Amino acid sequence: MKPLYYVTTPIFYVNGAPHIGHAYTMIAADVLARFKRLDGYEVYFLTGTDEHGQKVEKAAQDAGLSPQAFTDQISTNFAELAAQMNITHDQFIRTTEARHRVASQAIWNKLQANGHIYLGGYEGWYAIRDEAFYDESELSTNAAGQRVAPTGAPVEFVTEPSYFFRMSAFQEQLIAHIHANPDFIGPVARRNEVLGFLKEPLRDLSISRTSFKWGVPVPGDEAHVMYVWLDALTNYITALGYPDENAELWKFWPADLHLVGKDIIRFHTVYWPTMLMAAGLPVPKRVFAHGWWTVEGEKMSKSVGNVIDPAELAHVFSVDAIRYFLLREITFGSDGDYSRAALIRRLNVELANDLGNLAQRTLSFIAKNAGGVMPVRGKADATLDGFIAALPGQVREAIDRQGFNDALETIWVAIRAGNAYIDQQAPWTLRKTDLVQMEAVLAKLVDLLRVVATLLQPFMPESMAKMLDQLGVSDDARDIATLLVPIASGTVLPPPAGVFPRFVEDAA
Ligand code: ME8
């Protein structure tokens with residue numbers, strides 16, 4: 001039986017058009033899912049849309065549509081984004097589905113039966129944009145004189161009856177869990193942030209609202225709808241069949257990884273695990289929060305007009321180039337800035353020059369001077385052997401801690417070594433002096449390219465499929481285990497064609 005791996009993205013609010021921030025999380029999760037599949041795991045990969053709450057209700061009103069018509073439309077845009085970015089999710093969940101109402105009400109009933117829900121009244125601040133409650137002490141006043149949350153979102157004072165989740169009762173258990181499981185929250189800076197937050201007494205969480213209707217009704221008290229985050233977090237188990245713990249997919253719980261942006265770390269590492277503890281369910285194994293993208297140095301916003309549409313970008317640069325750039329440009333976990341110039345630089349230097357040239361130089365030389373077949377291995381210099389042997393393990397180690405750019409850097413060190421190796425071995429000279437050695441050098445380069453292309457498939461699936469075709473690697477020999485089976489000498493290599501053209505900006 002294959003080991004299991006369950007990875008999720010946040011479910012995205014359907015209040016506006018998707019942008020590169022959303023694409024980023026989807027792509028990172030997709031690289032993990034693809035890598036784990038390549039490495040012999042049975043993977044389940046979930047993404048979807050978060051469709052309830054006041055923020056979505058308001059966006060629907062502004063668009064002059066009913067909430068359901070509006071969410072139907074915008075949810076499709078996110079599903080399209082996933083297709084455009086070549087995302088291989090196994091399921092796209094929508095929180096307006098009937099099965100999700102069932103699951104959300106089931107977890108509510110469970111919390112209630114276990115004595116962790118009580119009726120009270122909420123009096124305090126709420127930010128619709130964040131769908132979050134804030135304490136008076138967290139607020140400040142912005143330039144326009146508005147009271148705002150630390151995120152900059154305007155807050156309003158609400159007074160209404162509300163059910164509460166006895167979150168405070170789980171504070172000690174949660175802290176102990178974080179200490180006992182050093183990998184539960186990543187990166188370390190976020191783990192420290194959460195532990196810092198937990199130094200203060202945890203308050204009970206308001207989990208229902210009465211001032212609007214667009215949500216899952218509270219079982220037994222339909223004047224209330226559930227707080228949107230309670231309903232949203234539950235998506236991760238709805239998707240696996242909850243409350244039916246005999247469902248086929250339930251074997252994937254607990255999740256191996258919830259990948260989220262740093263904006264929603266508290267919901268995933270405090271609210272969600274305490275809810276699960278209260279419901280008697282296992283908590284996810286790991287939550288990793290990535291950083292925030294700005295665009296050309298500025299926060300992305302509709303009013304500034306600098307929101308980057310990933311589909312448009314893919315049209316100009318190719319999906320693989322964007323996937324590569326987003327995971328290469330910054331350390332996963334840190335903030336980053338998107339700039340067109342940086343994207344073009346990486347595309348031209350790393351993809352076209354380093355990798356594209358290594359493949360093109362090697363394969364066109366083989367086509368012209370070695371009969372267009374996999375050359376015969378021999379006593380080539382051992383410079384590249386270490387890379388060929390170590391890369392799979394090094395990349396696995398980096399991916400397992402979500403170190404995407406470390407994984408890519410490790411691969412690029414090997415690519416640069418490959419380019420230096422050609423220059424130094426000069427097969428064009430060996431062609432005149434030592435044909436056996438020439439073949440050995442070329443075979444070594446093909447072996448290196450095959451490892452590189454195999455490990456890069458999760459990042460750039462389309463272009464690496466083309467490269468593996470040109471390297472004569474059959475479809476059933478493209479996973480990590482089959483790297484151990486070498487390409488047989490004499491295998492016909494199809495005529496090479498460049499995989500990464502240089503990008504030249506239009507003069508216009
Ligand atoms: O928070 N940079 O949904 P959301 C990087 N529905 N990532 C970004 C980004 C940016 N500029 N902008 C968005 C919600 N993201 C809830 C989640 S989960 C049970 C419920 C990504 O539509 C990032 O992953 O506001 C962030 O966490 C997510 O989109 C927020 O999407």
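It should be emphasised that the depicted structure is a prediction, and the values quoted were computed from it without experimental measurement. Order of listing sets the numbers, starting from 1, for every ligand and every atom in it.
With 3.5 Å as the limit, one finds a donor-acceptor pair spanning the side chains of Tyr324 and Glu350. Side chain to side chain, Asp320 and Ser318 fail the donor-acceptor criterion of an N or O pair below 3.5 Å. A donor-acceptor pair shorter than 3.5 Å cannot be found between the side chains of Thr96 and His100.
Neither the backbone nor the side chain of Glu131 comes within 4.0 Å of ligand 1, counting heavy atoms alone. The residue Lys262 has no part lying near ligand 1, judged by heavy-atom distances below 4.0 Å. With a 4.0 Å cut-off on non-hydrogen atoms, Asp263 touches ligand 1 through its side chain and not its backbone.
For His19 and Tyr338, the gap between ring centers reaches or exceeds 6.0 Å.
At the shortest separation from atom 4 (P) of ligand 1 among protein heavy atoms lies Tyr13 CD1, 3.6 Å. Regarding atom 17 (C) of ligand 1, its nearest protein heavy-atom neighbour is Ile11 O, 3.1 Å.
At under 3.5 Å, not a single nitrogen or oxygen of Tyr24, backbone or side chain, sits near a nitrogen or oxygen of ligand 1. Considering backbone and side-chain atoms together, Thr25 places an N or O closer than 3.5 Å to an N or O of ligand 1. Looking at Ala232 next to ligand 1, no N or O pair under 3.5 Å apart turns up. In terms of polar-atom proximity, Leu233 is not counted as a contact of ligand 1, lacking any N or O under 3.5 Å from an N or O of the ligand.
Among residues two or more places apart in sequence or in another chain, the side-chain contact (heavy atoms from CB on, under 4.5 Å) test is passed with Pro150 by Tyr134, Glu138.
Note on ligand 1: Gly291 sits in its first shell, one or more heavy atoms being nearer than 4.0 Å. Under the 4.0 angstrom criterion for non-hydrogen atoms, His290 is in contact with ligand 1. Look at Trp229 and you'll find a heavy atom under 4.0 Å from some atom of ligand 1. Heavy atoms of His19 approach ligand 1 to within less than 4.0 angstrom. The shortest heavy-atom distance from Tyr236 to ligand 1 is under 4.0 Å.
Taking a cutoff of 4.0 Å between a charged side-chain nitrogen and a carboxylate oxygen, Lys262 and Glu193 do not qualify as a salt bridge.
Annotation: salt bridge (charged side-chain N to carboxylate O under 4.0 Å, His left out) contacts involving residues 78-96, sequence neighbours excluded, comprise Arg37-Asp90, Glu51-Arg94, Asp72-Arg94.
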